[in-house]
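The residues of the chain are indexed from 1 along the displayed sequence.
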Amino acid sequence: MNWKVFGGVATAAVAISAPTWAQDVTEVRFGSSQPIKIVAPKGLSATSYASILFESYTNILASNAPLNRYIRPADIVVLCPPATTAVLSGKRPTTSITAGKSGKTSTPIPVEAKLPPTGTYIIYVMGRRFITVTPEMAKANGVPSSGVFAARLARRYMQTFPRECFRPPSLPALANIPANPPLRLTTNLEQAIPADVTGKVYMLGKALYSTSNVQPDGSTGPDKAAILTRKTTKVINNRDASAPATVTAVKNAKAAEVKVDNQTLYTLSDFDAKSNGLPNALAFAQYLSKQVTARLASGAPAPVPSEGEPAPVPAPTPETPTVPVPDPAPPTT
């Protein structure tokens, strides 16, 4: 057994030798939760898949830091079929629910007792994708129904994430967690994102712009913002800080790019632009290029644009960035 430490939490990843199923399988433990077997997607090793999940886990543990609150059981949501089909295929899932003349909704609310046993389920925490439960994963864990296993895992994480997340210094120790909080099931990706959670792309420790809750590729705004923040940090750290930065906005077909010293920092669409209150991708790229230039020059957040200059909506707000290595919250009493 090889022990590793992720975000201050000891975890173990045990490879299963000669698996009987086609896909690679590994046993993992997230914090104090019971170990589970994960089945790597085809074309990906179990070790690589485990690393991706552990990175997501440690980032989620600290995602409550800007909100100055604990992760709550209600922040753990299971996205059920048919919405997961759209998400997994890279399509933006339908999020609107309309009632017909009969009073029935076009997207029925999932009922735990009727969850398809062969469906694919995604567990979200703080609007971030965490575990994808497939029929293969359920069977690897000795459970014949993926719906039953997804519900079981969600209940488990409703207990552990609030206890092990980043503890905001201004808040007292976590007092208690309900023993059996209501399970949150949905086919609406919007409902997998807490109302007070928004995706924000950070640069030099301050928010630069926002991402819409549901992206055209079926990802969430918080997930996309986290990816872009990591890319921003990488590009900025890799450039020659001794030379003045050359930041440009370049039109690329229907998209536009923000480049720093010829490295692509962001590739923006009209959807990104309109989500931030600007008419098109090029206008948004031009706006961001000015903000990036100002921040690189000063090493601090750029000032709010002067009157008459278009500003993204909502405007970036100074927030405490996500803590990279969180301290686990104390156990309940």
Side-chain angles (χ1 to χ4, degrees), residues 6-9 30-31 54-77 123-130 157-158 160-175 177 184 189-215 219-237 265-266 272 275-277 288 291-292 295 299-304 311-330:
F6 294 89
V9 181
F30 298 103
F54 278 125
E55 181 181 8
S56 176
Y57 169 71
T58 54
N59 287 335
I60 290 171
L61 282 178
S63 62
N64 62 314
L67 302 177
N68 196 39
R69 67 165 174 82
Y70 286 103
I71 293 178
R72 302 174 295 222
D75 295 323
I76 290 83
V77 183
I123 298 176
Y124 286 84
V125 184
M126 297 293 283
R128 302 283 300 275
R129 181 188 289 214
F130 180 40
Y157 297 135
M158 282 179 170
T160 59
F161 268 101
R163 292 187 176 98
E164 296 170 356
C165 70
F166 168 74
R167 177 182 176 181
S170 62
L171 297 184
L174 193 64
I177 301 171
R184 296 198 60 198
L189 187 58
E190 288 275 6
Q191 295 177 358
I193 307 169
D196 58 347
V197 172
T198 56
K200 290 186 181 296
V201 180
Y202 285 87
M203 177 183 173
L204 298 178
K206 297 295 181 180
L208 180 63
Y209 72 95
S210 301
T211 52
S212 178
N213 270 2
V214 179
Q215 298 291 307
S219 64
T220 67
D223 269 333
K224 181 164 185 184
I227 292 171
L228 292 174
T229 296
R230 288 196 296 271
K231 181 178 180 181
T232 301
T233 301
K234 182 178 179 180
V235 171
I236 298 305
N237 288 345
L265 184 61
Y266 306 121
D272 299 319
S275 298
N276 283 271
L288 286 179
Q291 307 312 305
V292 172
R295 293 195 185 191
V304 177
V313 178
T317 57
E319 294 183 351
T320 304
T322 298
V323 179
V325 182
D327 293 323

Roughly how far, to the nearest 0.5 Å, is the [atom2] atom of [Y] from the [atom1] atom of [X]?
X      : Y      : atom1 : atom2 : answer
Ile71  : Arg163 : CD1   : CZ    : 13.0 Å
Leu265 : Ile236 : CG    : CD1   : 6.0 Å
Ile227 : Thr232 : CD1   : OG1   : 11.5 Å
Asn68  : Phe166 : CG    : CZ    : 8.0 Å
Asn64  : Cys165 : CG    : SG    : 4.0 Å

*Between Tyr157 and Glu164, does a side-chain hydrogen bond (donor to acceptor under 3.5 Å, both in side chains) hold up when you go through it step by step?*
CA-CA 10 Å; Tyr157 297 135; Glu164 296 170 356; over 6 Å; no
Taking [Y]'s backbone N and O only, do any of them form a donor-acceptor pair with [X]'s side chain (distance below 3.5 Å, no angle check)?
X      : Y      : value
Arg295 : Lys206 : yes
Asp223 : Ser219 : no
Ser56  : Arg129 : yes

*Test Tyr70 against Arg167 for side-chain contact (heavy atoms from CB on, under 4.5 Å), laying out the working first.*
CA-CA 7 Å; Tyr70 286 103; Arg167 177 182 176 181; 3.3 Å; yes
*Going by atom types only, do Asn276 and Ser210 share a side-chain donor-acceptor pair under 3.5 Å?*
no
_With no hydrogens and no angle check, just 3.5 Å: does a side-chain donor-acceptor pair link Tyr124 and Gln191?_
no
*Do Leu61 and Met126 touch side chain to side chain, with heavy atoms closer than 4.5 Å?*
no
*Are the side chains of Phe161 and Ile60 in touch, meaning some heavy atoms are under 4.5 Å apart?*
yes
*By side chain to side chain donor-acceptor pair (under 3.5 Å), which residues pair with Thr229, not counting sequence neighbours?*
none
*Apply the side chain to side chain contact (heavy atoms under 4.5 Å, CB included) test between Arg128 and each candidate in Ile193, Asn59, Ile123; give the one that qualifies.*
Asn59
Quick one: closest heavy-atom pair of [X] and [Y], and the distance?
X      : Y      : result
Pro222 : Val197 : CG-CG1, 3.8 Å
Thr211 : Ala225 : OG1-CB, 3.7 Å
Ser212 : Gln215 : O-NE2, 2.8 Å

*Go through the steps for Lys224 and Asp272 under the test side-chain contact (heavy atoms from CB on, under 4.5 Å), then give the verdict.*
CA-CA 11 Å; Lys224 181 164 185 184; Asp272 299 319; 3.6 Å; yes
_Taking ring pair (Phe, Tyr, Trp, His ring centres under 6.0 Å) as the definition, give me every residue that meets it alongside Tyr266, ordered by chain and number, with sequence neighbours left out._
Tyr209
*When you look at Thr220 and Asn213, which way does the side-chain hydrogen bond (donor to acceptor under 3.5 Å, both in side chains) test go after all the steps?*
CA-CA 5 Å; Thr220 67; Asn213 270 2; over 6 Å; no
*Taking side chain to side chain contact (heavy atoms under 4.5 Å, CB included) as the test, write out the residues that go with Arg72, two or more places apart.*
Arg69, Asp75, Asp196
*asked:* Before we go on, tell me: are the rings of Phe30 and Phe130 under 6.0 Å apart, centre to centre?
replied: yes
